[in-house]
S.K.: 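My questions all concern the structure below.
Order of listing sets the numbers, starting from 1, for every ligand and every atom in it. As a basis for the values below, the full set of heavy atoms in this structure was taken, side chains included, without hydrogen atoms, waters or symmetry mates.
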Amino acid sequence: MSITSYFALVPAAGGGARMGTSIPKQYLTLAGRPLIYHPLATLCSVERIERVYVVLAPDDEDWPEEEFVDLASKLRVLRCGGATRAESVANGLREMAAIVTDEDWVLVHDAARACLTVDHVETLIRVVGADIVGGILATPVADTLKHEALARINATVPRDDLWQAQTPQMFRYRLLVRALAAAPSVTDESGAIEALGLKPKLVAADSTNFKVTYPLDLKLAEWILANR
Ligand code: CTP
Ligand code: MG
């Protein structure tokens, strides 16, 4: 029996349109480092994770190589990003094929979730490591949800069993490759697995693992990192 290994894959080929800055949001300065340094450093410091792959756009000229020397033993840069997040992930998985075996676990994490902690990752690994399908970090929805039609409230959506999906999302390599090939337009890995009729596990995280999307989010992330 071979030992199952854990790998991380971080899609970082987006342009960050909603942030509205000239450089992609993953390279904006956050707590004295490029934003993307923080999640990559966290993933690299999880002992169980063997390697961390980051997927950049092929024409990326902003990747600050010199910032990552301390992560060099685990970090690998792949310049194979695609037009969508799902495509970037699928391309990254293809490049990993030489190293990763079918049953190894892959933790896919958004570069923009800068405040990920080692504890978040270790909780996910502990809960999902023995699972047959895989699973994701998520938080229960706290607010009352409204369905809109023409800028008016059309309905209230019961939130009792609703969760907000986060990342990392953790699935076995072969299953993930197969799922993404069959459902290329999903917005997260779990969506592709669900499309196969499988039911990924929900692992409760917390709202500090949010995705930096708008300018105000940078301030919030800065505050979280400074106050840990
Ligand atoms: N991503 C990617 N390839 C794409 C699009 C997105 O690898 N073609 C990555 C982003 O870099 C980010 C993650 O997927 O780490 C989540 O996407 P999102 O937060 O939406 O980032 P952007 O697409 O860059 O931002 P926006 O949607 O505001 O343009
Ligand atoms: Mg996007």
S.K.: Tell me whether the rings of Tyr37 and Phe68 are parallel (<30°), tilted (30 to 60°) or perpendicular (>60°).
M.R.: tilted

S.K.: List the atom of Val55, the atom of Ser88, and the distance in Å for their closest heavy-atom pair.
M.R.: CG1-O, 3.8 Å

S.K.: Which heavy atom of Leu30 sits nearest to which heavy atom of Glu222, and what is that distance?
M.R.: CD1-N, 3.5 Å

S.K.: Would you say the side chains of Glu50 and Ser5 form a donor-acceptor pair under 3.5 Å?
M.R.: yes

S.K.: So what's ligand 1 close to, N/O to N/O, under 3.5 Å?
M.R.:
residue, atom, partner, partner atom, Å
ligand 1, 3 (N), Ser88, OG, 2.8
ligand 1, 7 (O), Ala12, N, 3.3
ligand 1, 7 (O), Ala13, N, 2.9
ligand 1, 7 (O), Ser88, OG, 3.3
ligand 1, 8 (N), Gly82, O, 2.9
ligand 1, 8 (N), Ala83, O, 3.3
ligand 1, 8 (N), Thr84, N, 3.3
ligand 1, 8 (N), Thr84, O, 3.4
ligand 1, 11 (O), Ala13, N, 3.4
ligand 1, 11 (O), Gly14, N, 3.0
ligand 1, 15 (O), Pro11, O, 2.9
ligand 1, 15 (O), Ala111, N, 3.0
ligand 1, 19 (O), Lys25, NZ, 2.8
ligand 1, 19 (O), Lys211, NZ, 3.2
ligand 1, 20 (O), Arg18, NH2, 3.0
ligand 1, 21 (O), Lys25, NZ, 3.3
ligand 1, 24 (O), Gly15, N, 3.3
ligand 1, 24 (O), Gly16, N, 2.8
ligand 1, 27 (O), Arg18, NE, 3.4
ligand 1, 27 (O), Arg18, NH2, 2.9
ligand 1, 28 (O), Ala17, N, 3.4
ligand 1, 28 (O), Arg18, N, 2.9
ligand 1, 28 (O), Arg18, NE, 2.9
ligand 1, 29 (O), Ala17, N, 2.7

S.K.: Of Leu78, Leu71, Ile36, which meets side chain to side chain contact (heavy atoms under 4.5 Å, CB included) against Val54?
M.R.: Ile36

S.K.: Under 3.5 Å, is there a donor-acceptor pair linking the side chains of Asn154 and Glu148?
M.R.: no

